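Notes follow once the structure below has been shown.
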Amino acid sequence: MMWRASVLTLFPEMFPGPLAHSLAGRALREGRWSLAAEDIRAHGEGRHRTVDDTPFGGGAGMVMRPDVVDRAIAAAVPEGDPRPLIYLTPRGRLLDQALVRELAAGPGVVLLCGRYEGVDQRVIEARAMREVSIGDYVLSGGEVAALVLLDACVRLLPGVMGAAESAEEESHAAGLLEYPHYTRPAEWQGRAVPPVLLSGHHAEVARWRREQAEAATRERRPDLWNRPRFGTRMDAGCGPA
Ligand code: 6GU
């Protein structure tokens, strides 16, 4: 079965957007995944197709109505659809490569993009949505976050990516940042490529890359560096049975 994505949004014209290009776009044309955008506005209330209202308890901004959002979901998702329903919100759990792998391995996703101050919490609970954030900063809506999540999932689908990128994936999955990359010319604006990369000593190249990856991770991402990493001698016997 094809991996299927449905996106509920007030801005359906933002999809597929960048996902029509490059790797994801080719995979979309090849039928390795599908994308459907559902316009939440089509399920709005009254002649003006109202989708939002002022927050109970007061405060700034507008909140998307639960009845409107629920109708949009009902229109986009048949009864018994096995796909997880994900609400993209800065209140959600952080998206990481483990969640990306889990979602890519399943039947697809249904993504709800909020605008304004957010979505009425009752429809989030009633539909048992998973709340997901892509990072600790605030976007103007969930659409760009949905594009990020889809890009990360689609590149893992069978047949989408080449062998080179597959190998690269393993570095980050192992909890390390990538080593730096170099290509021709061997000298550029007085800057030489690290000589070990021109030496032809494969074991030394591998050791140098490992050291570079570890140094970058230690300096830039102490949160990753201080996390238990499997496949290192330090944690021998501490991994899953
Ligand atoms: Cl999922 N939505 C919005 N609006 N802002 C975000 C986000 C999501 N993730 C990080 N910032």
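Below, all heavy atoms of this structure are taken into account, side chains as well, without hydrogens, waters or symmetry copies. In this text the structure is predicted, and so the values were computed from the model without any measurement. Start at 1 and go down the list; that is how both ligands and their atoms are numbered.
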(message) I'd like the name of whichever of A146, G135, P90, G118 reaches closest to atom 10 (C) of ligand 1 through any heavy atom.
(response)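 Result: the heavy atom closest to atom 10 (C) of ligand 1 is in G135.
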(request) Check each of L111, L139, I134 against atom 9 (N) of ligand 1 and report the one with the nearest heavy atom. (result)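 Answer by nearest heavy atom: I134.
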(request) Considering only NZ, NE, NH1 and NH2 on the basic side and carboxylate oxygens on the acidic side, decide whether R41 and D39 come within less than 4.0 Å. (result)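 Here R41 does not pair with D39 in a salt bridge, since their nearest N and O are not under 4.0 Å apart.
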Suppose I only count heavy atoms of [X] and a 4.0 Å limit; which atoms of ligand 1 are within that range?
X    : value
L88  : 1 (Cl)
A145 : 1 (Cl), 8 (C)
V132 : 1 (Cl)
S133 : 1 (Cl), 9 (N), 10 (C)

(message) Could you tell me if the side chain of R65 sits less than 4.5 Å from the side chain of R71, heavy atoms only?
(response)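 No. Closest side-chain heavy atoms not under 4.5 Å.
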(message) Testing R227, R221, R220 one by one against D223 for a side-chain hydrogen bond (donor to acceptor under 3.5 Å, both in side chains), which residue passes?
(response)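 The single option meeting the side-chain hydrogen bond (donor to acceptor under 3.5 Å, both in side chains) with D223 is R221.
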(message) Checking the side chain of S133 only, and the main-chain atoms of G135 only, is there a donor and an acceptor separated by less than 3.5 Å?
(response)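 Between the backbone of G135 and the side chain of S133 there is a qualifying donor-acceptor contact (under 3.5 Å).
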(message) Can you report which non-hydrogen protein atom sits closest to atom 1 (Cl) of ligand 1, along with the distance?
(response)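 For atom 1 (Cl) of ligand 1, the nearest protein heavy atom comes out as T89 N, 3.1 Å.
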(message) Could you walk me through whether L156 and Q97 satisfy the side chain to side chain contact (heavy atoms under 4.5 Å, CB included) test, starting with their C-alpha distance in whole Å, then the side-chain angles of each, then the deciding distance to 0.1 Å, before giving a yes or no?
(response) CA-CA 10 Å; L156 298 187; Q97 196 63 20; 3.7 Å; yes
(request) Taking all heavy atoms of C113 and all of L88, pick out the closest pair and write down the distance. (result)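 Taking every non-hydrogen atom into account, SG-CD1, 4.4 Å.
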(message) Looking at ligand 1, would D136 count as a contact under a 4.0 Å heavy-atom criterion?
(response)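 False for this residue.
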(request) Output yes when the distance from some N or O of ligand 1 to some N or O of Y137 is under 3.5 Å, and no in every other case. (result)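 Such a contact does occur with ligand 1.
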Please report, to 0.1 Å, the donor-acceptor pairs under 3.5 Å made by any side chain of residues 74-87, with sequence neighbours excluded.
{"from": "D81", "atom 1": "OD1", "to": "R83", "atom 2": "N", "distance (Å)": "3.0"}
{"from": "D81", "atom 1": "OD1", "to": "R83", "atom 2": "NE", "distance (Å)": "2.9"}
{"from": "D81", "atom 1": "OD2", "to": "R4", "atom 2": "NH2", "distance (Å)": "3.4"}
{"from": "D81", "atom 1": "OD2", "to": "R83", "atom 2": "NE", "distance (Å)": "3.2"}
{"from": "D81", "atom 1": "OD2", "to": "R83", "atom 2": "NH2", "distance (Å)": "2.9"}
{"from": "R83", "atom 1": "NH1", "to": "R4", "atom 2": "O", "distance (Å)": "3.4"}
{"from": "R83", "atom 1": "NH1", "to": "S6", "atom 2": "OG", "distance (Å)": "2.9"}
{"from": "R83", "atom 1": "NH2", "to": "S6", "atom 2": "OG", "distance (Å)": "3.3"}
{"from": "Y87", "atom 1": "OH", "to": "V119", "atom 2": "N", "distance (Å)": "3.3"}

